[in-house]
Amino acid sequence: QRAVAGSARGRTVPAGDSGLAPWVPVVGLEIHAQISSNSKLFSGSQVQFAAPPNSLVSFFDASLPGTLPVLNRRCVEAAVMTGLALNCSINKKSLFDRKHYFYADLPAGYQITQQRVPIAVNGSLSYSLCIDNKMSQMVTKTVRIKQIQLEQDSGKSLHDDTRSQTLVDLNRAGVGLMEVVMEPDMCCGEEAAAAVRELQLILQTLGSSQAVMAEGQLRVDANVSVHHPGEPYGVRTEVKNINSIRFLAKAIDYEIERQIEELENGGTILNETRAFDSKLGCTVPMRDKEGKQDYRFMPEPNLPPLILYDAKSLPANMNHQQVINIDWIHERLPDLPSVKREKLVEQYGILPEHSFTLLNEDGLAEFFENVVKQTQMKPKKVIGWILQDLLSYLKQHSLTVKESPVSPILLADLLNLLEKEEISSTAAKQVLAELWKGEGKTPLEIVKEQKLQLLEDQKELEQICQAVIDRQENE
Amino acid sequence: QVAVALKEGRVTPTELCQRCLSLIKSTKFLNAYITVAEETALKQAEASEERYKKGQPLGVLDGIPVAVKDNFNTAGIETTCASNMLRGYISPYNATVVQKLLDQGAVLLGKTNLDEFAMGSGSTDGVFGPVRNPWSYSRQYKKKSVPESHSEDKEPDWVITGGSSGGSAAAVSSFTCFAALGSDTGGSTRNPAAHCGVVGLKPTYGLISRHGLIPLVNSMDVPGILTRCVDDAAVVLGSLAGHDPKDSTTIQDNFKPFELPNLTDVSKLSVGIPKEYHAPGLSSEILAIWSKAADLFENAGAKVVEVSLPHTRYSIVCYHVLCTAEVASNMARFDGLEYGHRSDMNESTESMYAATRREGFNDVVRGRILSGNYFLLKQNYEKYFIKAQKVRRLIANDFVKVFRSGVDVLLTPTTLSDAAPYMEFIKEDNRTRSAQDDILTQAANMAGLPAINVPTALSERGLPVGLQFIGHSFQEQQLLTVAKWFEKQVQFPMIQLEEVKRHDHGVFQHQKSASFS
């Protein structure tokens, strides 16, 4: 499998032993990001993770007859921000539709989504990869964003096989989602993972979604197919049930290999949905797929078209509460990760790959900047301590930056000692090891305790050296 | 008038309430009510009485007994839509319009009968049985067969109320309440109003909130108002209209309740007579009444012109496609999982759904769901749904053109004939009947325009015939002003019901004088 992944990095997979033509894997993604908002997309009930079952359900969420959807402004703003950050055109007029299917976790028998005209289209996302696992060689790639649409999340159903029943929890029903569709511009698991990671960072920076995969706030489905160069795209499968970015890469790479193997053995690929089994590391067909679903899309009659304005089109005497001004939102967008990285490189003279690692770890960039502020050591040197010593320690003990027993000021103090040449770098590492214990001692205290100071007194040094020589002579 | 009586203390809200309740009991054979909320009504009446004693009534509607069609959500009172699917369903919230009535101090007597889920034009297809038109028991009604003795059960020639808001129309017509809410999707308020000899107002789409009205066709439904005179309709409209944040299809503009002026001079009025409303099947009687009405306006100095709404004849087919499509969608939520009827079948979720829906819906509802889903299939969507939307736009544009040319209101018949006897009506199926009966009323729903039925005259058989006025979008004031003038001219006779005479203690005398000028 590793061989496939490695060579999948280039655009084609070289011929197998059978000497057949090379394969071109094609990967597209459908990503559902839960919008970070206080209330749901069309109703006032709260959005909260892990609340008691059915405690966050409004009449509308339960689809009580006669209830009507009311659009949540914050959700629209989140989608506009995300669209702008992904270089999309924001549709000033977008529409809502009903997508019909029967399922226990879909109380109304339909989902409200944006099928005809979504809120944002035609964007792009740039992400970076290391070539051959070498951080020093990074390449930038782009994936096209087909569209972003607003839609409702469904509830959750839990199957209780022992009692032959299904338990339905509607807390999640109606929570706002942004579906981000990425065109099939990616070629392997690694690219998909990098693209999703970058999207995750963007969403977290914007605050439009917390995008934590483990809490279901970011769900990724992959569309995978293979074909020979010059030939039309192959039949694609959809891979679901992927719970982490690591598994995303694994699932995609497995599926690529499975398809190649199948085709090289003379088989065919079915246009089906497959689930990723993380324990076995493979994809399996999902049951009950009887023929294609016709969702019977219909315009949502209870929601007028969503009209957004910009500075030019904003009518003079509109109630500020009732309108969304795209330009106003654009002006207030925070620095995106790519911009932040550039600034870090420019401001501190660190390498681009360093800036990636800094942003990749939640809180690490702030930690670094805090240390730099409080130390005389040059940032170019500080970065080594951050990325090697601090980060590796945190990883070893599965800690987040926030949980670090060593605070920025402690590290800064230590580095100052080193910078002033009061201790050697070996000694500094020793002090750091002591600091990890989190016993509240300052670097200076530890240095004194363990007598790690560098001696500056010439005479003292001579005495020690003389003593060593003398000892040697005596042996 | 009743409001004045309440204010002056000539009658108290509780007396009024009790009289209505006992009248409901003695007119039970009409089957106009599904649920009578006796206890809560009396409590509301008592509260109202307190307010009158303190001289602080909430408004004109304080203490006025009203009834509400059973497809509006009423908290704590069963809401069934005349369907097995919602039998026993107690909603936890009030529809906005119900809440508004209650906030004004109105006394909610109960929920009225209808065709199941408001699908039908006779109020004959609900699970609680058909509604009987009170005029079947009036002195004016000339029965076809030899009149039997007073055994109502053996009267096969009672006539229908029309539908689907038949219960509300019958309730108002038989004096058991002073105003009732219906709903109007293709004529469901105006049709029964015409057959029962009451005023039936369909407001402009977007004027009154639909929050809490169990939807049939979201893009056409409106709450309808049924009263005994146009002034009353204006009062009720005033208390209900206005933006509701819970309904995103209501307009934002501020609505100002109005009082209707007593129009005396119609010389500046332009009345349009759409020639396409001389529809096939229109009885010669109604044609004559319509003609007479047009003459009435002309003789009074108004400008009466023939106009054309060329796409009228496509409205039935167009309505059928759009209505069934939305119905299929709206009914998808009835799966027995969260509320309502749930089948005992529990082999799998799917089988439970299927059994629940088969058991819960009558075949009219099931038929429309199947048709609607057919039209929404991917391969049919363009051919049917999109096409129908385009035709709908053409129908709406017909009205725009006519109104732009200077016409103030349109005058048309409301129904093709007077009320049919029940036995005759059920000879044809619901779909055929709806298609026939809706032709004169549907287009106003397609275009979202306000329209009102004004009782005009009695037919040869002694049954009510009404005429319809259609107005400009959101110009209810003008529409009702013209309707009021017309009502004054025609002086539609009061229904003479045995039952009512027995309960008439002078209060209803006051009501009577409201219809005459």
Side-chain angles (χ1 to χ4, degrees), chain A residues 42-44 54 57-71 96-112 115-116 155 157 159 163-168 170 173 288 290 292-306 318-319 321-322, chain B residues 71-73 79 81 85-86 89 91-93 95-96 117 206 209-215 217-221 244-249 252 322 325-326 328-335 337-340 346-350 352-354 357 372-381 385 389:
Chain A
F42 295 116
S43 71
N54 292 315
V57 184
S58 68
F59 298 152
F60 173 76
D61 302 330
S63 80
L64 293 194
T67 51
L68 299 168
V70 181
L71 186 55
F96 290 100
D97 303 290
R98 293 185 182 180
K99 178 180 181 182
H100 299 87
Y101 61 95
F102 287 103
Y103 204 72
D105 63 17
L106 197 66
Y110 59 85
Q111 175 202 36
I112 301 180
Q115 189 244 3
R116 288 168 293 155
S157 50
H159 300 288
R163 292 192 196 87
S164 288
Q165 59 184 12
T166 300
L167 304 164
V168 181
L170 295 179
D288 56 30
E290 348 114 12
K292 283 206 179 151
Q293 274 265 33
D294 190 326
Y295 292 112
R296 288 165 280 124
F297 286 99
M298 186 185 90
E300 168 57 70
N302 291 318
L303 291 170
L306 174 60
M318 268 282 207
N319 182 358
Q321 296 269 24
Q322 293 291 327
Chain B
N71 59 353
F72 285 92
N73 277 274
T79 300
C81 294
M85 189 59 90
L86 288 177
Y89 175 69
S91 168
Y93 74 101
T96 298
F117 278 110
S209 172
R210 289 181 299 113
H211 174 252
L213 166 60
I214 297 176
V217 183
N218 285 294
S219 65
M220 298 187 206
D221 290 350
D244 182 9
K246 295 191 189 127
D247 179 352
S248 310
T249 59
Q252 309 266 8
L322 296 178
E326 285 214 38
S329 179
N330 291 332
M331 297 295 141
R333 66 184 58 208
F334 295 106
D335 52 25
L337 205 55
E338 291 89 17
Y339 49 82
N346 60 1
E347 265 171 42
S348 68
T349 314
E350 285 81 37
M352 190 274 276
Y353 276 24
R357 289 163 72 79
N373 277 325
Y374 176 77
F375 296 134
L376 289 177
L377 288 175
K378 209 164 169 176
Q379 71 252 32
N380 294 330
Y381 186 73
F385 190 85
Q389 292 278 44

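Only heavy atoms go into these numbers, but all of them, side chains included; no hydrogens, no water, no symmetry mates. In the text below, chain A, chain B and the rest are named by the order of the sequence lines, each starting its count at 1.
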Is [X] in contact with chain A via its backbone, its side chain, both, or neither, using a 4.5 Å heavy-atom distance?
X	result
B/Glu326	both
B/Pro92	both
B/Leu337	side chain
B/Phe72	neither
B/Asn71	neither
B/Asn373	both
B/Tyr89	side chain

Checklist outcome for this item: Partner of A/Phe96 under ring pair (Phe, Tyr, Trp, His ring centres under 6.0 Å), picked from A/Tyr110, A/Phe42, A/Phe297, is A/Phe42
Checklist entry - Of all of A/Leu170, A/Val168, A/Asn302, A/Val70, which one pairs up most often with chain B through heavy atoms under 4.5 Å apart? => result A/Asn302
Next on the checklist: So which residue, A/Ser164, A/Gly44, A/Pro304, A/Pro107, ends up with the most heavy-atom pairs under 4.5 Å with chain B?
Outcome noted: A/Pro107
Next on the checklist: I need the minimum non-hydrogen distance between B/Tyr381 and A/Met298, along with the two atoms involved.
Outcome noted: OH-CA, 4.3 Å
Checklist entry - How far apart are the closest heavy atoms of B/Tyr339 and A/Ala62, and which atoms are they? => result CE2-O, 3.5 Å
Checklist entry - What part of A/Asp294 gets closer than 4.5 Å to chain B, counting heavy atoms only: side chain, backbone, both or neither? => result side chain
Next on the checklist: Quick check on A/Pro69 against chain B: is it the side chain, the backbone, both or neither that has a heavy atom closer than 4.5 Å?
Outcome noted: backbone
Checklist entry - Using 30° and 60° as the class limits, which term best fits the ring planes of A/Phe102 and B/Tyr353: parallel, tilted or perpendicular? => result perpendicular
Next on the checklist: Using modelled atom types and a 3.5 Å cut-off, is there a donor and acceptor pairing between side-chain atoms of B/Arg333 and backbone atoms of A/Ser63?
Outcome noted: yes
Item to check | B/Thr79 vs B/Asn73, side-chain hydrogen bond (donor to acceptor under 3.5 Å, both in side chains): CA-CA, chis, key distance, verdict | outcome: CA-CA 6 Å; B/Thr79 300; B/Asn73 277 274; 4.8 Å; no
Checklist entry - Hey, does the Lys NZ or Arg CZ of A/Lys99 hover above the aromatic six-ring of A/Tyr295, less than 6.0 Å from the centre and inside 45° of the axis? => result yes
Checklist entry - How about B/Asn218 and B/Asn330: do any of their side-chain heavy atoms sit closer than 4.5 Å? => result yes
